[in-house]
Structures are given as C-alpha cells and as structure tokens.
Amino acid sequence: MKFQRPRGTRDFYPEAMATRNWIVDQWRRVSLRNGFEEYDGPIFELLDLYRDKSGDEIVSELFHFTSRGGDAFAIRPEMTPTLARMVAAQAQGLPKPVKWFSIPRLCRAERPQRGRLREFFQWNIDILGEDGVLADAECILVAADFFRQVGLSDQQFVIKVNSRALLAAILEKADVRPDRFHAVYAVLDKRDKLDAGAFEKMVEELKLPGEQRDLLISLGEAKGSSGLEDLRGAVEGHAGAEERYEEIRRLFELLETMGASACCRFDMGVVRGLAYYTGVVFEAFGTGGLQRAICGGGRYGQLLKKVGGPPMSGTGFATSDVVIEDVLRELDMIPVYVSAIDIFVIDASPEVFDDVIRLTTQLRAKDHAATFSYKRQGVGKQLKQASAKHARRVVIVDEKMRTERVVSLKDMASGVQTEVSIDSLLADPFQSAAP
RNA sequence: GUGGGCGUAGCUCAGUUGGUGGAGCACCAGGUUGUGGUCCUGGGGGUCGCGGGUUCAAGUCCCGUCGCUCACCCCA
C-alpha cells in the first residue's frame with residue numbers, strides 16, 4: 001500500500017461505524033433525557049486558547065499549524081476551552097444554569113496506547129452557573145445513567161467521588177505548606193494503583209512532618225461512607241473544612257435521592273491531575289478486568305475567567321468512545337451489527353427484473369431501505385446475497401405481480417413466506433406473516 | 001522521551017537442521033434450472049515490512065531501518 005492510515009487514527013468500515021454510531025446514540029439519548037442541550041464549536045481554535053489554559057508544555061501534544069496570515073491554530077484536543085469561550089461570550093444572556101453537552105471529534109499528538117488514540121470522540125457533559133452540589137450530583141447521575149443504559153449493573157461499575165476543596169481544607173487545617181499541595185495530590189491520586197507499602201513509601205519521600213505524614217496515610221484509607229464518617233474528626237474546629245465536609249455529605253444525600261448511591265462511593269484517592277479542578281471530582285471505573293478510569297470530571301471554578309469571561313463556575317465530565325468501546329467489548333455488551341437493509345427484492349426470472357426495479361423504487365419512496373441484486377441469477381443466489389446483507393425481508397417478484405398484483409414476502413429471520421398484495425406490502429413491509 | 005512484544009494472502013495464522021511459500025475464513029466464478037444464513041467444484045490474489053550482510057542457496061541466520069502494538073512518562 002502506498003498510503004497508510006496515520007498513526008493513532010481509525011478507519012470506520014461499516015461494522016465499526018455502526019458501533020461508533022451506537023455509542024454516540026446512547027450518549028445523546030442519555031444527555032437529552034437528563035435535560036441537556038447539544039452544542040458544538042469549530043474543530044480548530046487559536047493555539048493560545050489552549051496555551052492560556054494549560055501552559056506552554058501543552059503545545060507539543062497538539063496538532064497545530066500556522067495560517068498564511070500568521071495566526072497559530074490547533075486542532076481541538078479537548079472541548080472545555082471551547083465551551084468556556086462560548087459561554088463566556090454569552091454569559092450575560094444565557095439562562096442559568098447552562099446544561100449543555102457535546103460529542104466532539106478531538107485530536108492529540110501523543111503516542112497511542114490502549115484506550116488512547118490520536119483521534120477520538122468524546123462525550124462532554126457540563127453545567128455552568130450553578131455553584132451548589134446539586135449540579136455536581138446531576139452530572140454524576142448522568143454518568144451513572146449512561147452505564148446503566150448500555151446494560152451495566154451497579155456491580156459492574158463504580159463512580160468514585162471526592163472533593164478537592166475538602167482535601168485542601170483538611171491539608172490547610174493540618175498546616176501543610178500550600179506549595180506542597182500539588183505533590184500531595186499526586187501521591188494520593190496514585191493510591192489505588194499501589195499496595196499499602198508502596199503508597200507509604202511514596203508518602204515518606206514527601207518528607208512531611210510526622211503528624212502530616214500520618215494524616216496523609218489515613219486520607220489514603222478514607223473510602224466509602226465509613227471513610228467519610230472517619231474524616232469528621234479531621235475537619236472539626238475549622239470553619240472552611242466543616243463547610244466543605246457538609247457539602248460532600250449533602251452530595252451523597254442527593255445521590256441517594258436520585259437512586260445512584262449503589263454505584264457511587266466516596267474515595268479520597270481520587271484527585272485527578274488537572275490543575276483546574278477546585279471542588280468535587282469523580283472518576284468512573286469498571287469493576288471487571290479493566291481497572292482504568294473510564295470517565296472523569298469535576299468542578300472547575302476559575303476556567304471562564306481564564307478565557308476572559310466572568311467568574312462563573314462549572315462542573316462536568318468527559319469520556320471517550322475508545323475507552324467506552326473497550327470496556328463494553330470486554331463485557332460483550334456491544335450490539336451485534338445489523339445492516340440497514342430492510343427489504344431485498346428478488347426476481348424469480350430475468351424477464352420481471354424491470355418490475356423489481358419498479359417495486360424497489362416504490363418501497364424507497366415509502367422511506368424503506370430497499371435494494372436488489374445487480375446480477376441476474378437464480379433465486380437461491382439472490383437469497384444468498386440478501387442474507388449476506390442481513391436484509392430483514394425479501395420480496396420475490398414473478399409474473400403474478402402484473403397479472404394479480406401480488407408478490408411473495410419472506411421473513412428472513414423465521415423463514416416464513418407468504419403471498420401479499422403490493423398495496424399491503426407498501427403499507428407495511430414488516431407485517432407479520434399470516435398463518 | 002524510555003522500555004518490551006510483533007511484522008508471511010483482505011483477515012487470523014502455520015512454515016521443520018537455511019533447499020523454488022501454505023491452511024482456514026473472506027472475495028470472485030460456476031454447479032443443483034423458484035428458496036438463504038450450514039453443500040460441491042474451480043479461480044484470483046503475497047518482490048514473506050524495507051535495505052544491507054553471511055551463504056551455492058535466506059520467510060528462516062546477522063546488522064540496520066520503518067511500521068504496528070503494549071507498558072511507563074504524561075494525561076487537557
């Protein structure tokens with residue numbers, strides 16, 4: 001082959017395309033029924049939009065180019081900057097809260113590996129203009145709704161929820177130096193990937209004073225409702241920490257009311273690397289073989305200000321089609337491919353082929369996906385083709401179409417075949433076969 | 001950026017101590033002269049990723065290179 005596919009991209013042949021469409025359809029369906037509106041933006045943005053948010057080092061991870069006019073652009077690697085830009089531009093006039101979703105195609109110039117390609121589709125759910133945890137709860141609920149929608153039981157996935165604000169307040173109360181927060185976050189975020197010994201070793205390497213070290217190790221243990229309960233002591237007497245604690249307690253109360261508590265769990269080990277998260281953070285995991293996060297998000301407080309907008313806070317999450325397909329395939333939950341052919345029209349003999357074309361055209365006019373064989377062969381061969389195309393129904397046309405206006409209608413799944421009038425066929429090609 | 005694994009037909013792969021490259025599936029064409037998804041026969045298709053070396057002889061051994069893949073780093 002002279003040309004091959006660029007690294008980290010995919011060709012969507014019909015079967016793969018059907019899978020992609022199915023995933024996207026589920027995303028859209030769940031978004032809409034939870035009251036979110038769809039938006040989209042340009043596939044490339046000014047490079048500085050990403051540089052301002054994430055710093056210079058981001059540029060090497062972007063596909064970027066310079067226009068003839070000298071402007072530097074980048075193909076979008078994520079949707080949040082575009083969202084922030086769009087909301088900031090209209091912030092005054094938009095009814096709050098803004099509940100929007102998008103399914104953008106994104107590109108990142110990183111080295112591909114399992115679950116991470118250079119081009120992929122991402123589902124973004126965001127709520128802006130509402131500071132309370134109700135918005136966070138609703139985002140988490142949407143994620144849970146999706147996993148349930150595609151057939152996962154509450155035992156097959158878990159959404160781990162934490163509050164960075166609470167964590168920061170606890171660290172502040174314990175007099176951890178603010179410049180050490182980021183290092184502490186990084187260690188805590190690795191907690192679930194390490195055994196207890198390796199975790200403690202990493203904590204030791206931070207060289208924190210004894211009390212702070214013990215606190216950090218106990219934070220790594222804080223999981224589930226009892227883990228949240230255990231933190232009560234760590235927040236008492238500190239107004240900010242108590243307030244944050246009450247927030248996340250209320251969040252879990254809301255999740256309970258929404259019927260999502262069975263798949264949600266408090267976990268201090270979820271911090272997420274993103275510098276811009278300021279409040280609630282969460283990540284979803286499959287409980288089977290794949291231990292990787294399959295979806296993640298949280299509250300971002302200052303993002304709109306970064307793109308020149310008002311100090312409006314937002315909360316949301318994202319997940320990619322690559323990871324979703326991975327985890328659903330592992331659980332054998334991707335629907336089998338069925339082609340879009342409703343009716344395959346066959347001639348009983350070459351003389352009636354013009355009638356086949358005529359009937360096919362009429363079926364198409366009724367908005368049915370209908371087709372026929374290009375080759376004039378026996379009925380058996382044409383049925384074979386219909387079968388290969390996964391046609392649901394086959395219509396066999398013979399001279400009786402002219403003399404009596406009837407044809408044979410065959411249900412390919414059951415094999416049942418009946419004679420029907422052309423009028424009744426056009427009215428309903430999927431009519432159940434008369435006994 | 002670092003490290004491991006793998007490159008043979010469209011796909012999945014076999015290929016013996018080096019001796020003129022195969023199978024299954026898929027595709028195409030025929031057969032049963034009005035009934036498929038499970039029949040039979042035949043066919044097309046590969047400079048064995050690419051380049052160099054050793055050898056009378058390389059898919060096989062050696063070196064280089066490119067590509068794919070997995071993990072790490074990173075993760076918006």
Side-chain angles (χ1 to χ4, degrees), chain A residues 1-11 13 15 45 47 49-62 74-84 104 106-118 120 122 124 186 189-190 193 271-277 283 291-293 296-298 300 303 306-307 316-320 322-323 326 336 338-339 341 344 346-352 373-400 407-419:
Chain A
M1 263 310 182
K2 190 172 174 188
F3 298 109
Q4 67 178 41
R5 199 171 68 233
R7 179 206 299 266
T9 63
R10 291 167 290 175
D11 291 326
Y13 289 90
E15 196 167 344
E45 293 270 9
L47 178 60
L49 178 64
Y50 304 112
R51 204 176 352 225
D52 283 6
K53 181 196 165 208
S54 308
D56 278 335
E57 61 279 12
I58 203 69
V59 176
S60 63
E61 306 278 310
L62 298 176
I75 300 176
R76 62 188 178 189
E78 58 166 329
M79 199 58 184
T80 310
T82 298
L83 170 69
L106 307 176
C107 291
R108 298 178 182 179
E110 62 187 354
R111 204 150 171 171
Q113 56 180 289
R114 182 155 191 210
R116 283 170 63 176
L117 300 177
R118 293 184 139 191
F120 55 95
Q122 200 186 53
N124 282 251
D189 199 48
K190 286 219 162 46
K193 290 167 197 143
V271 186
R272 295 183 60 73
L274 288 70
Y276 66 78
Y277 283 124
E283 281 180 342
Q291 291 296 325
R292 195 181 45 237
Y300 41 91
L303 202 57
K306 278 204 168 184
V307 297
F317 72 84
T319 187
S320 87
V322 184
V323 171
D326 237 24
V336 294
V338 285
S339 93
I341 301 295
F344 200 101
I346 284 176
D347 66 84
S349 61
E351 299 81 62
V352 299
S373 172
Y374 276 27
K375 277 173 302 204
R376 308 283 45 87
Q377 303 182 112
V379 171
K381 283 281 198 267
Q382 293 184 71
L383 270 165
K384 211 182 186 82
Q385 281 192 55
S387 198
K389 294 278 180 206
H390 302 99
R392 295 166 65 191
R393 296 287 189 277
V394 160
V395 169
I396 302 172
V397 171
D398 58 19
E399 56 288 344
K400 279 163 94 178
V407 292
S408 294
L409 175 63
K410 184 182 174 89
D411 179 330
M412 291 299 274
S414 67
V416 175
Q417 185 173 327
T418 50
E419 205 162 70

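All of these numbers come straight from a predicted model, not from anything done at the bench. The chains referred to below are lettered A, B, ... by the order of the sequence lines, with proteins before strands, and numbering in each begins at 1. We use all heavy atoms of the structure for the numbers below, so side chains are in, but hydrogens, waters and symmetry mates are not.
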### Query
Between B:G36, B:G34, B:C75, which nucleotide gets closest to the side-chain atoms of A:Leu383?
B:G36

### Task
Round to a whole Å and report the spacing from CD of A:Glu419 to C1' of B:U35.
15 Å

### Message
What's A:Ala348 touching, base or sugar-phosphate or nothing? Going by heavy atoms closer than 4.0 Å.
### Response
base

### Task
Just compare B:U35, B:A71, B:G36 and give me whichever is closest to any side-chain atom of A:Arg114.
B:A71

### Query
How far, in whole Å, is B:G49 from B:A9 if one measures between their P atoms?
8 Å

### Summary
Closest of B:C28, B:C74, B:U35 to the A:Glu110 side chain is B:C74

### Query
When you compare B:A57 with B:C40, how far apart are their C1' atoms, in angstrom units rounded to a whole number?
42 Å

### Message
Please determine whether any donor N or O and acceptor N or O are separated by less than 3.5 Å between the side chain of A:Gln417 and the base of B:U35.
### Response
yes

### Query
Looking only at atom P, what distance separates B:U20 and B:A58, rounded to whole Å?
11 Å

### Query
With a non-hydrogen cut-off below 4.0 angstrom, is A:Met79 in contact with a base, only sugar-phosphate, or nothing?
nothing

### Task
Using a heavy-atom cut-off of under 4.0 Å over every strand shown, decide if A:Ile346 touches base, sugar-phosphate, or nothing.
nothing

### Query
Which of these nucleotides, B:G37, B:U32, B:C28, is closest to any side-chain atom of A:Lys381?
B:U32

### Query
With respect to the side chain of A:Gln4, which nucleotide from B:G67, B:C73, B:G34 is positioned closest?
B:G67

### Distance-only donor-acceptor test, A:Arg111 side-chain atoms vs B:C72 base atoms, 3.5 Å
no

### Query
To the nearest 0.5 Å, how far apart are OG in A:Ser408 and CD1 in A:Ile346?
10.5 Å

### Query
Do A:Lys384 and B:U35 share a donor-acceptor pair, side chain to base, under 3.5 Å?
no

#### Entry: Residue whose nearest RNA chain B nucleotide is more 5′ - A:Arg5 or A:Gln377
A:Gln377

### Summary
Per-nucleotide protein contact along nucleotides 42-50 of chain B, 5' to 3', at a 4.0 Å heavy-atom cut-off (B base, S sugar-phosphate only, - neither), is ---------

### Which residue lies more 5' along RNA chain B, comparing A:Gln113 with A:Glu399 via nearest heavy atoms
A:Glu399

### Message
With a 3.5 Å cut-off and heavy atoms only, can you find an N or O donor on one side and an acceptor on the other between the side chain of A:Lys389 and the base of B:G36?
### Response
no

